[in-house]
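The structure appears right after this line, and notes come after that.
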Amino acid sequence: MAVLRGRGTGVAKGMSMDRRLGIIAVLVLVFSLSALVYGILNMREAGDTVTINGVDYEWRGLEENFTVVKLNGHRGVMLSDLINDTGLEDPESHQYAIVGADGYRKTVDWNDMLNGVLKIDGKEVYFTTRVKQYFVRDIVEIEVV
Amino acid sequence: MNRYRMLMGIVVFGTIWGLLECLIGGVPKGTGAMAHFPTGAFLAGFVGVGLMAGTRRIYGVPGMQVGMALVASVLRYFAPIGTVVICSALAIAAEGIVFEIILLAPSLNLAKMRKPVPLMSLGVIIGYSVYVTGYLFTQITTPIASGEAFVMADFISVLPLGLGRGFFAAVAAGVALPIAVRVKNLHFDVDRIAREHYYPTSTIVTAFCWAAFVLIFL
């Protein structure tokens, strides 16, 4: 906070508070814009497939190959069915990281996978057991942790 | 400033803020360019900072904005859009606290700042701080508040997102704060409004917002 103290405080002789504010604001804008560009450059494309436990699944084929259910009005494929299809042994002993195209990532456990769907419309997840922050969008991968 | 007038102001402006958060924040993400519209950054930077700066200028009472944020977060928490929105409610509460902390600096007196460029600069600083703090704060507290474990890898992965999206909040607040501060130029003096007008008008606005909230969300 001392850096924001202005004229007359004895701390900031030589540079007015207005100029200090301007410099800090420019630094904030440059820093945040850099972070934004970094995020855009590192964004993965939410393409035609989603990788689940290292296995690629085509979004279009999910409805044909798996049972589609509705959880609280959210239509999709059970996440537990998808994990089981990858051949993972002992799935309840693992955690699962849902990763979005922008790098947003949320880790859930097997109980959530039993109570969650992968929504084909919107390429997002919905859990009855989790709050909105966990509903990752534009999913590119589900990692087994 | 009369204590009851200030309390009424907290309720009125906190309610307006909360209703706007529910209405705008509850809009489903669209497709195309709208899918990437930074709603959270706009709400924090333009609506949140705008209302807090405007009320700070009008009432001139430090601490009032935390109260507004708490009222707004209560409304946001009880808006059942899709699911429990505890993260948004926590973010709003954190935004109010950060705003107050920054304006603790004695030289940052909105009543004495006249030039637009310093006001814009201050808006950028406050908007970014408010949004990023709120965003990161909820990434930590929401899992804990909802009875889940906090996962450090998840937090690290969202850091660049929060820091980058803060750019939009900074720009929005850089526009909103100078406009909000100039509200006082309209000679809108709360102390001079007759109590026969102030309290009934405030009550009507609050009641209207709550009624709209109940009709739309409950």
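Residue numbers begin at 1 in each chain, while the letters A, B, ... track the order of the sequences.
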Mark yes when over 12 heavy atoms from residues, nucleotides or ligands other than [X] sit less than 6.0 Å from its [atom1]; otherwise mark no.
{"X": "A:Asp48", "atom1": "CG", "result": "no"}
{"X": "B:Met120", "atom1": "CE", "result": "no"}
{"X": "B:Phe208", "atom1": "CZ", "result": "no"}

* Selection from A:Leu36, A:Ile23, A:Val26 maximising heavy-atom pairs under 4.5 Å formed with chain B -> A:Leu36
* Is any NZ, NE, NH1 or NH2 atom of the basic residue among A:Asp18 and B:Arg114 found under 4.0 Å from an Asp or Glu carboxylate oxygen of the other? -> no
* Asked: Can you name the nearest heavy-atom pair linking A:Met17 to B:Ser107, along with the distance?
  ->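 Scanning both residues, the minimum pair turns out to be CE-O, 3.4 Å.
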* Shortest non-hydrogen contact between B:Ser121 and A:Gly22, atoms and distance ->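 Taking B:Ser121 first and A:Gly22 second, the nearest heavy atoms are OG-CA, 3.5 Å.
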* **Per-residue contact mode, A:Tyr38 against chain B (heavy atom under 4.5 angstrom)** =>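 Looking at A:Tyr38, just its side chain touches chain B.
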* Of the backbone (N, CA, C, O) and the side chain (C-beta and beyond), which part of A:Thr129 lies under 4.5 Å from a heavy atom of chain B, both, or neither? ->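 Contact with chain B: backbone only.
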* Would you mind reporting whether A:Arg19 and B:Pro118 have side-chain heavy atoms less than 4.5 Å apart? => no
Return the option, out of [options], with the maximum number of heavy-atom pairs under 4.5 Å with chain A.
{"options": "B:Ala149, B:Ala153, B:Gly123, B:Gly166", "value": "B:Ala153"}
{"options": "B:Gly174, B:Gly127, B:Gly147, B:Gly164", "value": "B:Gly164"}
{"options": "B:Leu163, B:Val132, B:Ile156", "value": "B:Leu163"}

* Interchain contact, B:Ser129 with chain A, by part (heavy-atom threshold 4.5 Å) ->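 The answer is neither part of B:Ser129.
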* To do: Examine distances only and state if a side-chain atom of B:Glu148 and a backbone atom of A:Val131 form a donor-acceptor pair shorter than 3.5 Å.
  => no
* Among B:Ile125, B:Leu119, B:Val117, which residue meets the side chain to side chain contact (heavy atoms under 4.5 Å, CB included) test with A:Leu21? ->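 With A:Leu21 as partner, B:Ile125, B:Leu119, B:Val117 yield a single side chain to side chain contact (heavy atoms under 4.5 Å, CB included), made by B:Ile125.
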Interatomic distance, [X] atom [atom1] to [Y] atom [atom2] [nearest 0.5 angstrom]:
{"X": "B:Phe168", "Y": "A:Leu33", "atom1": "CZ", "atom2": "CG", "result": "8.5 Å"}
{"X": "B:Asp154", "Y": "A:Tyr104", "atom1": "CG", "atom2": "OH", "result": "8.0 Å"}
{"X": "A:Gln133", "Y": "B:Leu90", "atom1": "CD", "atom2": "CG", "result": "9.0 Å"}

* Asked: Under the side-chain contact (heavy atoms from CB on, under 4.5 Å) criterion, do A:Ser32 and B:Tyr128 qualify, and how do the steps go?
  -> CA-CA 8 Å; A:Ser32 59; B:Tyr128 190 74; 3.2 Å; yes
* Please walk me through it: do B:Arg165 and A:Asp102 pass side-chain contact (heavy atoms from CB on, under 4.5 Å)? -> CA-CA 12 Å; B:Arg165 288 178 189 166; A:Asp102 56 4; 3.1 Å; yes
* How far apart are the C-alpha atoms of A:Arg105 and B:Val158, what are their side-chain angles, what is the distance that settles it, and do they pass the side-chain contact (heavy atoms from CB on, under 4.5 Å) test? -> CA-CA 7 Å; A:Arg105 170 193 160 115; B:Val158 302; 5.8 Å; no
